[in-house]
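Reviewing the structure listed below.
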Amino acid sequence: MAKTTAADSRRGVEPYDALLLVSFGGPEGPGDVLPFLHNVTRGRGVPPRRLAEVAEHYAAFGGRSPINDQCRALLAAVRAELRSAGLELPVYWGNRNWDPYLAATLSVMADDGIRRAACLLTSAYSSYSGCRQYREDLFAAAEQVPGAPRLDRLRHYFNHPGFVAAFAATTLAALETLPAPGRPTAQLVFVTHSIPETMNLASGRTGSRPGGAYLRQHLDSAAAVAASVAGSVGRRDWTLAFCSRSGPASVAWLGPDINDHLRALAAAGTTAVVVVPLGFVSDHMEVLFDLDTEAAQTARDLDLAFARAATPGTDPRFVAMVRQLLAERAAAERGNGLVDRPSAGRLPPSWDRCPAGCCANERDPGCPALGGEDSPVREPTR
């Protein structure tokens with residue numbers, strides 16, 4: 001029997017010799033909280049009083065965020081998924097705002113001889129904060145590391161069937177937890193992180209393409225999840241709301257706020273809701289505090305039956321999606337002709353490389369970012 005080589009074990013994902021999970025990061029102890037918040041808000045002029053207020057949110061959960069543990073779980077699940085497909089591909093993990101920082105991870109990858117890696121962002125949608133800022137940080141980290149590998153961002157997956165199916169399954173499970181009388185008329189309330197309206201208008205915008213991709217993609221994903229749920233339990237009314245606004249009152253952000261929205265639904269006669277955190281891939285702080293704590297309390301105050309759907313986390317459909325996106329991009333990079341790009345909903349699958357000027361950085365328009373048509377290409381230096 002012929003001996004299996006490293007090249008054999010990576011056949012189907014060439015030219016990539018690694019996968020990099022790129023996440024936001026979070027504090028892992030009380031002493032980390034304020035330094036972490038300073039990292040996140042640096043240059044944005046957020047007053048110390050607001051940082052102290054947010055720090056209290058973490059204090060209610062032991063002074064730590066669950067996001068790093070959730071990344072570790074996803075990392076293990078993706079590694080197992082790749083092994084089950086016969087792919088012995090190393091999988092790394094780096095954060096924008098806390099350990100393990102991206103530059104440190106890229107240094108390890110360089111030492112390991114990695115030359116080209118595909119990057120999965122734990123953010124499914126187009127926007128400056130959800131895509132381009134990650135790409136800028138990847139560029140900055142790679143510039144710090146001699147011999148850093150070339151990095152390619154995998155496409156936005158808001159409408160990938162694996163993402164949609166995972167949310168449809170958790171939504172159905174949440175519906176089952178509502179009191180029986182409220183289930184037939186329960187409304188679905190999809191929730192995502194609010195962003196400034198100007199950021200939404202810049203998302204996906206190029207010289208010939210209109211912006212608004214952030215909102216448009218969420219609406220498309222929500223419609224796809226709702227349609228899947230309807231196929232099992234019948235049609236449900238659904239809406240989109242927002243959480244985690246952090247800007248000054250003078251700046252317009254996307255709304256309605258989830259708490260205001262629950263009040264409006266209750267006033268209109270709604271008696272039960274399932275809140276679906278469509279903008280998040282794991283149950284981190286925005287979900288635990290903004291939804292499970294604040295929104296749940298608002299629902300209790302309104303005598304509104306409330307259930308919260310789980311995020312994809314390590315759902316097998318979501319984990320399989322990661323492998324599929326990797327294989328899809330690898331085939332495209334090899335020039336394999338027509339590449340299968342599955343999608344749900346009405347919008348087409350997103351682009352591999354962001355168009356020039358997409359999701360512009362309003363504070364620093366010239367800030368370089370990887371993974372775009374206007375990005376400098378970083379070939380490995382070894």
Side-chain angles (χ1 to χ4, degrees), residues 18-29 32-33 35-42 58 61 64-79 81-82 89-109 114 117-142 144-145 148-149 151-158 160 162-163 166 192-193 195 244 277-289 310-315 318-319 321-323 325-326 359 369-371:
L19 176 68
L20 173 60
L21 176 66
V22 183
S23 194
F24 192 81
E28 301 205 64
D32 298 340
V33 174
F36 163 75
L37 292 175
H38 283 296
N39 283 348
V40 173
T41 60
R42 185 174 290 114
Y58 288 90
F61 294 90
R64 72 192 310 270
S65 167
I67 191 171
N68 276 3
D69 286 340
Q70 291 161 0
C71 282
R72 293 181 184 104
L74 179 58
L75 200 68
V78 169
R79 285 170 174 157
E81 171 72 18
L82 294 177
L89 192 76
V91 186
Y92 298 84
W93 163 42
N95 289 327
R96 289 182 45 225
N97 297 296
W98 204 249
D99 292 324
Y101 288 102
L102 285 169
T105 299
L106 293 183
S107 182
V108 172
M109 294 170 72
I114 302 301
C119 303
L120 180 88
L121 310 187
T122 55
S123 173
Y125 303 88
S126 297
S127 73
Y128 173 72
S129 60
C131 181
R132 188 176 183 93
Q133 192 169 16
Y134 281 85
R135 294 168 46 219
E136 290 175 353
D137 287 351
L138 282 167
F139 181 89
Q144 297 175 46
V145 178
L151 304 171
D152 294 339
R153 176 194 59 82
L154 297 178
R155 69 172 167 99
H156 307 114
Y157 46 86
F158 65 92
H160 190 284
F163 185 73
T192 190
H193 204 301
I195 62 173
S244 307
L278 193 67
F280 308 96
V281 302
S282 66
D283 288 2
H284 52 70
M285 189 55 67
E286 281 89 347
V287 176
L288 296 183
F289 185 83
T311 50
T314 56
D315 183 288
F318 180 66
V319 175
M321 178 204 77
V322 178
R323 174 180 53 77
L325 287 173
L326 172 63
C359 300
L370 293 181

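- For the atom pair CG (Asp283) and CG (Leu288), the distance works out to 6.0 Å, reported to the nearest 0.5 Å.
- Taking CZ of Phe289 as the start and NE2 of His284 as the end, the distance is 15.0 Å to the nearest 0.5 Å.
- For the pair Arg96 and Tyr134, the cation sits on the ring face: its NZ or CZ lies under 6.0 Å from the ring centre, inside 45° of the axis.
- For the pair Leu21 and Tyr92, the minimum side-chain heavy-atom distance is 4.5 Å or more.
- Considering OG of Ser23 and CG of Asn97, their distance stands at 9.5 Å, rounded to 0.5 Å.
- For Tyr101, the ring-ring contact (aromatic ring centres under 6.0 Å, His included) test picks out no residue, with sequence neighbours left out.
- To the nearest 0.5 Å, the span separating CZ on Arg323 from CD on Glu81 amounts to 4.5 Å.
- Classified by interplanar angle (parallel below 30°, tilted 30° to 60°, perpendicular above 60°), the ring pair His193/Phe280 is tilted.
- Using a 4.5 Å cut-off on side-chain heavy atoms (C-beta onward), Cys119 and Asp152 make no contact.
- Between the side chain of Tyr157 and the backbone N or O of Leu121, at least one donor-acceptor pair lies under 3.5 Å.
- When the side-chain contact (heavy atoms from CB on, under 4.5 Å) test is applied to Asp69, the partners found at least two apart in sequence or on another chain are Glu28, Arg64, Arg72.
- For the pair Val322/Leu19, a side-chain contact is recorded, criterion being any heavy-atom separation below 4.5 Å from C-beta on.
- Using modelled atom types, one finds a donor on one side chain and an acceptor on the other under 3.5 Å when comparing Asn68 with Asn95.
- Between atom CG of residue Leu120 and atom CZ of residue Arg155 there is a gap of 11.5 Å, rounded to the nearest 0.5 Å.
- A donor-acceptor contact shorter than 3.5 Å is absent between the side chain of Ser107 and the backbone of Ala103.
- Atom-to-atom distance recorded for Ser123:OG and His156:NE2 is 7.0 Å, nearest 0.5 angstrom.
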